[in-house]
Chemist: 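Here it is, the structure, as structure tokens.
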There are 2 protein chains.
Amino acid sequence: MEKLDECARQLLDTAPQIMRSIRAEMRSHRGHDLSIPQFRTLTFIHQNPEASLSPLAEHLGLTLPSTSKLVDGLVNEKIISRRESKEDRRKLTLALTKNGEDILRAARGATQNRLKDILHELPADELSVILRALNLLQPLFMKGMKEAKTHVPAHS
Amino acid sequence: MEKLDECARQLLDTAPQIMRSIRAEMRSHRGHDLSIPQFRTLTFIHQNPEASLSPLAEHLGLTLPSTSKLVDGLVNEKIISRRESKEDRRKLTLALTKNGEDILRAARGATQNRLKDILHELPADELSVILRALNLLQPLFMKGMKEAKTHVPAHS
DNA sequence: TTCTAATAGTTTCAATATCTAACTATATCA
DNA sequence: TGATATAGTTAGATATTGAAACTATTAGAA
């Protein structure tokens, strides 16, 4: 149980610092500024074609009104498109525009480069450890979300 | 370099999800609601006794006015104390109140428990991998901050 | 078939968080 | 000593988010 305690503690201390680097880069690369929630929205829609608003809200951890507003802004900027779903007229179908795909790709590229800058001095075996850990963590934190609801986002 | 790419990509995808869980717990446990920046402020001051405002701002990735306001709110709630520094009257010295320490302890405890809930099903060897990875990542993301400035936060 | 309940999303209002510009006070340097 | 640098505050503007209220659509019960 000591390891479990230590993992929880380290995660709590490290995750915010990682996010700080990510946020800084999202906001500093040339071109379109994206907030973290905007970036996460684009990523979610990219990974979940035909997504509607509610699963997006759930993924973001935001309420429906907040998510609706967020999407509004992105629609206004022609980054995503929003249309009525074919199977259920209450639902929206969200999609990235071409512009949105470009912006997402640029943001990911720049931010991943930044992270690579930070990580590049690590030897390969340590990168392997980190990669393995991330592969363990990712499903858990997606899984946590699944437990809350039954809607499972599809992952590439 | 493939591993480096993959690490950067996974980090970019996983860190926000981890933060989502942390944020949700910070906001849901009984007692005092803390925002992530507030929590990070308390943690920083706890780990850096006698800290002034500028290194805190730097740590948070916020501007001085924003940090000043954030601290204002916490001072008003008697969570931290603020006084003029002895060596330099331009500088503040920030400290946790007793109340602040209680609140931080409670927030950490609850959030760590939440993370433990998520992680507990992992076998010990996998926890070891995660722990090792976090121990590798943490200094890097603190180090990144050091590179930006010369002021090195002391760590327990 | 009709009516009620549930669901998806929007709008309004209020609160909170953050940045920029401008400013004050203090310390350092030429 | 005066100019410059540094630490922090205030005011104003903008962005983000939740709660309450509302509309439209779908599903389920009678």
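All values reported here derive from a predicted model rather than from experimental measurement.
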Chemist: Given D:dT26, D:dG18, C:dT11, identify the nucleotide with an atom nearest to the side chain of A:R89.
Modeler: D:dT26

Chemist: Let me know the distance between NZ of A:K69 and P of C:dA8, rounded to the nearest Å.
Modeler: 21 Å

Chemist: Toward the 5' end of DNA chain D, which comes first, A:E84 or A:S35, by nearest nucleotide?
Modeler: A:S35

Chemist: Atom CD of B:E77 to atom C1' of C:dA15: distance rounded to whole Å?
Modeler: 14 Å

Chemist: Just how far, in rounded Å, is C1' of C:dA17 from CD of B:Q38?
Modeler: 10 Å

Chemist: Between atom CD in A:E58 and atom C1' in C:dG9, what is the gap in whole Å?
Modeler: 15 Å

Chemist: Please pick, from D:dT17, D:dT9, C:dG9, the nucleotide with the shortest atom-to-atom distance to any side-chain atom of A:S52.
Modeler: C:dG9

Chemist: Go through the N and O atoms of the side chain of A:S66 and the base of D:dG18, and report whether any donor-acceptor pair is under 3.5 Å.
Modeler: yes

Chemist: Considering the options B:I130, B:L137, B:L134, which one meets the side-chain contact (heavy atoms from CB on, under 4.5 Å) requirement together with A:Q10?
Modeler: B:L134

Chemist: Nearest to the side chain of A:T63 - C:dT11, C:dT18, D:dG18?
Modeler: D:dG18

Chemist: Using heavy atoms to find the nearest nucleotide of DNA chain C for A:D88 and A:P65 separately, return the residue whose nucleotide is more 5′.
Modeler: A:D88

Chemist: Roughly, in whole Å, what's the span from CZ in B:R40 to P in C:dT18?
Modeler: 10 Å

Chemist: Any donor and acceptor pair, going by atom type alone, linking the side chain of A:R20 with main-chain N or O of B:H59 inside 3.5 Å?
Modeler: yes

Chemist: Report yes if at least one side-chain N or O of B:T67 is closer than 4.0 Å to OP1 or OP2 of D:dG8; otherwise report no.
Modeler: no

Chemist: Under 4.0 Å from OP1 or OP2 of C:dT10: is there any side-chain N or O of A:R82 that close?
Modeler: yes

Chemist: How would you label the contact of A:L64 with the nucleic acid (heavy atoms, under 4.0 Å): base, sugar-phosphate, or nothing?
Modeler: base

Chemist: Give the rounded distance in Å between these two atoms: CG of B:L34 and C1' of C:dA17.
Modeler: 15 Å

Chemist: If you find the nucleotide of DNA chain D closest to B:L53 and the one closest to A:R90, which residue's nucleotide is nearer the 5' end?
Modeler: B:L53

Chemist: Among D:dT9, C:dT10, C:dT26, which nucleotide has an atom closest to any side-chain atom of B:S68?
Modeler: D:dT9

Chemist: For the side chain of A:L92, counting heavy atoms from C-beta on, which of C:dC13, D:dG8, C:dG9 is nearest?
Modeler: C:dG9

Chemist: Starting at atom CG of A:D72, determine the distance to atom P of C:dA8, rounded to an integer number of angstrom.
Modeler: 19 Å

Chemist: Check the distance between C:dA8's C1' and A:L56's CG and give it to me in whole angstrom.
Modeler: 13 Å

Chemist: Please name the residue in the list B:Q138, B:R108, B:R40 that meets the side-chain hydrogen bond (donor to acceptor under 3.5 Å, both in side chains) test with A:D13.
Modeler: B:R108

Chemist: List the residues meeting side chain to side chain contact (heavy atoms under 4.5 Å, CB included) with A:S128, not counting sequence neighbours, and say none if there are none.
Modeler: B:K3

Chemist: Would you mind telling me which of A:T41, A:L74, A:L42 makes a side-chain contact (heavy atoms from CB on, under 4.5 Å) with A:L96?
Modeler: A:L42

